[in-house]
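Worksheet: one structure, shown below.
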Amino acid sequence: MVERSLRGMKIGANSLETDIGVALVERHDETYLCSRGHRFTVTFAHDADVPATWECKCGAEAKLIGDHGEEGEEKIIKPARTHWDMLLERRSKEELQVLLDERLELLRTGRLYARRH
């Protein structure tokens, strides 16, 4: 019997797709500087939010320098909306008090979790 080896491409090693006709997103580089003096760049999409800090390869926190960094204005960070904030967008405190009183009354009388037969 003749021994034959499979010839062709390596499994998973190469893609058969080409880059012809592919439009890449517009990008820009931002420079960061860590407290240990390491300077490096990170590539972002043009419309991406650039973070003020990035973790350096040495593990220290690096700060953005250049147009957006320490020399520029600090980015205004909106506080996180809590569940209570979102609830107040939909209902007034008076409406919430009425609902609370109704539910407490049902709970106290035992009708809230009564079994239905």
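With hydrophobic clusters built from ILVMFWY side chains whose heavy atoms lie under 4.5 angstrom apart, L64 shares a cluster with V42.
With hydrogens and angles ignored, the 3.5 Å screen pairs no side-chain donor or acceptor of D101 with any backbone N or O of V98.
What you find for Y32 and T53 is that their closest heavy atoms are CE2-C, 3.9 Å.
H38 NE2 to C56 SG: the interatomic distance, rounded to the nearest 0.5 Å, is 5.5 Å. For the atom pair CD (E102) and CD (Q97), the distance works out to 11.0 Å, reported to the nearest 0.5 Å. Distance check, rounded to the nearest 0.5 Å: CG of D29 to OG1 of T31 gives 7.0 Å. The NZ atom of K63 sits 11.5 Å away from atom SG of C34, with the distance rounded to the nearest 0.5 Å. Note: H46 NE2 to R27 CZ = 13.5 Å, rounded to the nearest 0.5 Å. Distance check, rounded to the nearest 0.5 Å: CG of L87 to CZ of R81 gives 11.5 Å.
By the 4.5 Å heavy-atom criterion applied to side chains, F40 and K57 are not counted as neighbours.
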